[in-house]
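First the proteins, then the strands, lettered A, B, ... as listed; each starts at 1. Predicted, not measured: the structure shown is a model, and the values here were computed from it.
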Amino acid sequence: MLDLKYVRENPELVKAGVENKNEKNTVDEILKIDSERREILHEVEELKAKRNKVSQEIAQKKKAGEDAEDIIKEMREVSDKVKELDETVRRLSDELNELLIWIPNLPNSSVPVGKSADENIETTKWHPKDFSFENEFKPLDHVELGKKHNILDFERGAKISGSGFPVYVGKGATLERALINFMLDYHLQHHGYTEVFPPFLVNRASMMGTGQIPKLEEDMYYMEKDDLFTIPTAEVPITNLFRNEILNEEELPKNFVGYSACFRREAGSYGKESKGFLRVHQFNKVEMVKLVKPENSYVELESLVEDAEDILRALEIPYRILLLCTGDLSFSAAKCYDIETWSPAENKYLEASSCSNFENFQARRANIRYRRSEDKKVEFVHTLNGSGLATSRLMVSILENNQTSDGKIKVPEVLRKYTGFEIIG
RNA sequence: GGAAAGGUGGCAGAGUGGUUGAAUGCGGCGGUCUCGAAAACCGUUGUUCCACAUUGUGGAACCGGGGGUUCGAAUCCCCCCCUUUCCGCCA
């Protein structure tokens with residue numbers, strides 16, 4: 001949520017940001033309703049001031065035993081008018097809010113302007129060794145490998161739940177669990193995060209707080225009976241831990257890491273890239289979340305990306321990093337880096353992590369603030385989060401990049417103490 | 001699912017329908033005392049919005065949320081939400 005005052009004072013900047021993000025520009029409409037609302041607000045507040053003053057006079061007259069019937073009668077009319085105007089103000093506020101929650105966060109000035117993913121900028125590329133399979137053998141893709149070694153079962157997953165609900169079996173299940181534990185331990189031991197194991201169902205206010213609602217409501221699984229949503233990422237419960245709270249400056253930064261299953265309906269995206277792990281309704285993810293002081297958020301963003309990179313380097317998974325352009329930036333983000341891991345079978349990169357700075361956009365929606373020790377003023381924190389990382393995409397890269405010419409799969413060195421085996425096949 | 005209690009400021013905790021933004025305590029800040037600190041004592045201490053002004057003045061709103069009664073509601077009435085405890089059921 002943007003600050004209405006900011007919109008009022010910088011309409012042109014807001015319009016430009018919204019349009020660069022390919023979102024609907026309702027700024028003029030917002031300004032019109034805002035000025036109308038303020039006009040009526042002023043009127044009703046004057047009436048209320050009068051009423052408050054006269055009410056005290058009535059109290060005094062009654063105490064003195066005097067008759068106050070005439071001014072009571074007058075105030076009765078004032079109150080009726082107040083009720084009427086209050087109703088108008090409430091209606092205009094609702095209209096205003098309805099428009100405002102659809103305004104995306106504005107891109108940071110360091111974000112390149114661009115229409116689509118084609119205009120993202122590659123900032124890093126890391127390939128530990130040359131995976132030139134062409135010269136040796138044709139790599140199998142992760143679905144074929146999963147089937148061959150009986151470690152992934154997409155068909156039975158489709159039977160018991162539906163397509164896009166993968167089942168991990170045998171060493172596949174162990175490898176998945178190893179990956180999650182490895183990543184959590186790594187962030188705890190090397191990066192100083194605090195572990196959180198959050199609920200997987202959250203209420204509507206939490207979804208609104210981090211900005212999934214209203215724009216992405218159709219992408220969420222929803223439990224109508226209880227008005228609860230399955231989380232699409234641990235970002236939602238973890239960021240919302242401090243909703244409606246005022247933190248002390250000394251508590252910041254708060255750095256959390258947590259595992260969760262993630263659920264996404266992926267409505268309307270059937271057909272393309274839906275093979276195997278490429279697009280699923282449920283996957284596992286280790287997520288990093290930071291609540292920081294505003295002046296530090298961009299330094300924290302870089303360090304968040306490095307924390308995710310460290311995992312890929314330890315696993316020896318080839319990857320690249322993209323700085324997203326304005327047109328590819330998500331609704332709530334001000335700046336975002338995507339980390340993509342290499343799939344030799346698909347011959348392309350797959351998104352395994354998104355590291356974003358939301359500045360105070362989520363904090364404003366979720367009302368997460370902190371008190372500055374110097375002047376005791378409260379202000380919104382900045383929130384960030386990044387996948388560290390999503391196992392489904394990592395699994396593709398691990399299986400495909402570590403296959404050997406004799407059809408086996410080597411388990412990455414750092415995972416072996418978690419799996420208890422070195423090879424699959 | 002049944003029953004009961006309760007939701008008030010950063011926290012704890014009062015509150016007869018009329019100077020209650022709200023007692024008191026803790027915490028925080030400033031000061032006195034002290035070589036310094038602690039203790040003690042004194043003072044101070046919220047958020048949001050609006051208008052004018054520019055770092056202040058005035059006004060409005062806020063005691064879980066939403067309605068209602070009233071000239072006036074933290075206080076009375078209705079609905080909803082949440083928390084806690086007990087009972088039942090259950091992984």
Side-chain angles (χ1 to χ4, degrees), chain A residues 1-9 30-101 197 199-209 213 223-229 237 240-252 254 261 291 293 360-361 363-381:
Chain A
M1 180 104 64
L2 294 186
D3 183 6
L4 180 57
K5 204 179 288 172
Y6 183 85
V7 178
R8 194 184 296 148
E9 286 163 8
I30 287 172
L31 293 179
K32 184 166 161 281
I33 296 172
D34 174 51
S35 87
E36 194 180 339
R37 191 190 80 99
R38 270 152 63 215
E39 198 177 303
I40 295 171
L41 190 63
H42 191 68
E43 196 181 332
V44 73
E45 283 188 355
E46 276 183 352
L47 287 176
K48 283 180 180 174
K50 184 177 177 191
R51 184 178 69 183
N52 288 343
K53 204 165 148 237
V54 175
S55 283
Q56 290 195 12
E57 283 173 28
I58 292 171
Q60 269 164 19
K61 282 201 171 187
K62 288 214 166 180
K63 205 175 272 177
E66 295 172 34
D67 177 63
E69 222 13 78
D70 50 336
I71 46 178
I72 286 179
K73 200 175 162 194
E74 190 191 339
M75 283 309 104
R76 206 169 281 157
E77 282 165 28
V78 170
S79 271
D80 286 346
K81 185 71 181 166
V82 163
K83 196 173 282 182
E84 185 191 321
L85 292 177
D86 263 345
E87 177 58 30
T88 308
V89 169
R90 199 181 60 84
R91 201 194 74 234
L92 292 171
S93 299
D94 287 350
E95 285 177 21
L96 201 55
N97 199 44
E98 185 58 30
L99 290 173
L100 215 48
I101 58 173
F197 206 135
F200 294 177
L201 295 175
V202 296
N203 56 31
R204 186 172 287 274
S206 295
M207 282 295 202
M208 185 63 89
I213 286 180
M223 277 2 91
E224 198 174 356
K225 273 187 186 169
D226 302 290
D227 198 24
L228 290 171
F229 296 83
N240 276 284
L241 285 175
F242 300 98
R243 175 151 48 83
N244 290 329
E245 291 194 29
I246 299 175
L247 304 167
N248 291 318
E249 182 172 349
E250 302 79 55
E251 296 177 72
L252 301 179
K254 280 190 177 290
L291 306 184
K293 292 195 269 179
N360 67 20
F361 189 82
R364 191 180 295 281
R365 286 182 164 235
N367 194 27
I368 307 170
R369 296 174 296 173
Y370 77 104
R371 191 179 297 280
R372 283 201 173 272
S373 5
E374 199 185 332
D375 54 9
K376 302 294 163 202
K377 290 288 173 205
V378 288
E379 67 179 359
F380 293 111
V381 302

### Message
Closest-nucleotide mapping onto RNA chain B: is A:I246 or A:R369 further toward the 5' terminus? I mean the 5' end.
### Response
A:I246

### Query
Are the side chain of A:R365 and the backbone N or O of A:I101 linked by a donor-acceptor pair below 3.5 Å?
yes

#### Entry: B:A37 pairs with, by Watson-Crick or G-U criteria that keep both distances under 3.5 Å
none

### Message
Can you confirm whether the side chains of A:S206 and A:N203 place a donor and an acceptor under 3.5 Å from each other?
### Response
yes

#### Entry: A:D34 and A:R38 ion-paired at < 4.0 Å
yes

### Task
For A:I58, report the nucleic acid contact type (base, sugar-phosphate, nothing); a contact means any heavy atom under 4.0 Å.
base

### Query
Are any of the side-chain nitrogens in A:K50 or A:E74 under 4.0 Å away from the carboxylate oxygens of its partner?
yes

#### Entry: B:C35 and B:G25, which share atom name C1', separated by this distance in whole Å
33 Å

### Task
Select base, sugar-phosphate, or nothing to describe what A:N52 touches, counting heavy atoms under 4.0 Å on all strands.
sugar-phosphate

#### Entry: Separation between the C1' atoms of B:G2 and B:G88, rounded to whole Å
7 Å

### Query
So does A:D86 pair up with A:R90, basic N to acidic O under 4.0 Å?
no

### Message
Partner lookup for B:C52, please. Criteria are Watson-Crick or G-U wobble with both distances under 3.5 angstrom; report none if nothing qualifies.
### Response
B:G56

### Task
Write down the partner of B:G25 under the Watson-Crick or G-U wobble criteria, each distance required to be under 3.5 Å.
B:C11

### Task
Using the P atoms only, state how far B:G9 lies from B:C80, rounded to an integer number of Å.
24 Å

### Task
Identify whether any heavy atom of A:R8 sits under 4.0 Å from a base atom; if not, whether one sits that close to sugar-phosphate; answer base, sugar-phosphate or nothing.
sugar-phosphate

### Query
NA contact type, A:K5, heavy-atom cut-off 4.0 Å: base, sugar-phosphate, or nothing?
sugar-phosphate

### Identified side chain to side chain contact (heavy atoms under 4.5 Å, CB included) counterpart of A:L92 within the set A:L41, A:I40, A:N97
A:I40

### Query
Can you check whether A:I213 reaches A:F229 side chain to side chain, under 4.5 Å on heavy atoms?
yes

### Message
With a 3.5 Å limit on both atom pairs, tell me what B:C82 is paired to, counting Watson-Crick and G-U wobble, or say none.
### Response
B:G6

### Task
Find which nucleotide of RNA chain B each of A:A59 and A:V44 is nearest to by heavy atoms, and output the residue with the more 5' nucleotide.
A:A59

### Query
Is there a donor-acceptor contact under 3.5 Å linking the side chains of A:R8 and A:Y6?
no

### Message
Check whether A:R51 reaches the backbone of A:M75 with its side chain - one donor and one acceptor, N or O, closer than 3.5 Å.
### Response
no

### Query
If the C1' atom of B:G72 is compared with that of B:U19, how far apart are they to the nearest Å?
13 Å

### Task
Pick base, sugar-phosphate or nothing for A:K62, based on heavy-atom distances below 4.0 Å to the nucleic acid.
base

### Query
Expressed in whole Å, how much space separates the P atoms belonging to B:C71 and B:G66?
23 Å

### Query
Quantified in whole Å, what is the P atom distance between nucleotide B:A74 and nucleotide B:G68?
15 Å

### Message
Does the structure show a Watson-Crick or G-U wobble partner for B:G30, both distances under 3.5 Å? Name it, or say none.
### Response
B:C42

### Euclidean distance for C1', B:U70 against B:G18 (whole angstrom)
12 Å

### Any-strand Watson-Crick or G-U partner of B:A74, both distances under 3.5 Å
none

#### Entry: Heavy-atom contact window of chain A on RNA chain B, given 5' to 3' at under 4.0 Å
B:G18 to B:G72

### Message
Taking pairing as Watson-Crick or G-U wobble with both contacts under 3.5 Å, can you name the mate of B:C89, or confirm there isn't one?
### Response
none

### Query
So what does A:K83 hit on the nucleic acid, given a heavy-atom distance under 4.0 Å: a base, only sugar-phosphate, or nothing?
sugar-phosphate

### Message
Taking pairing as Watson-Crick or G-U wobble with both contacts under 3.5 Å, can you name the mate of B:U20, or confirm there isn't one?
### Response
none

#### Entry: P-based separation of B:G31 from B:C49 [nearest Å]
31 Å

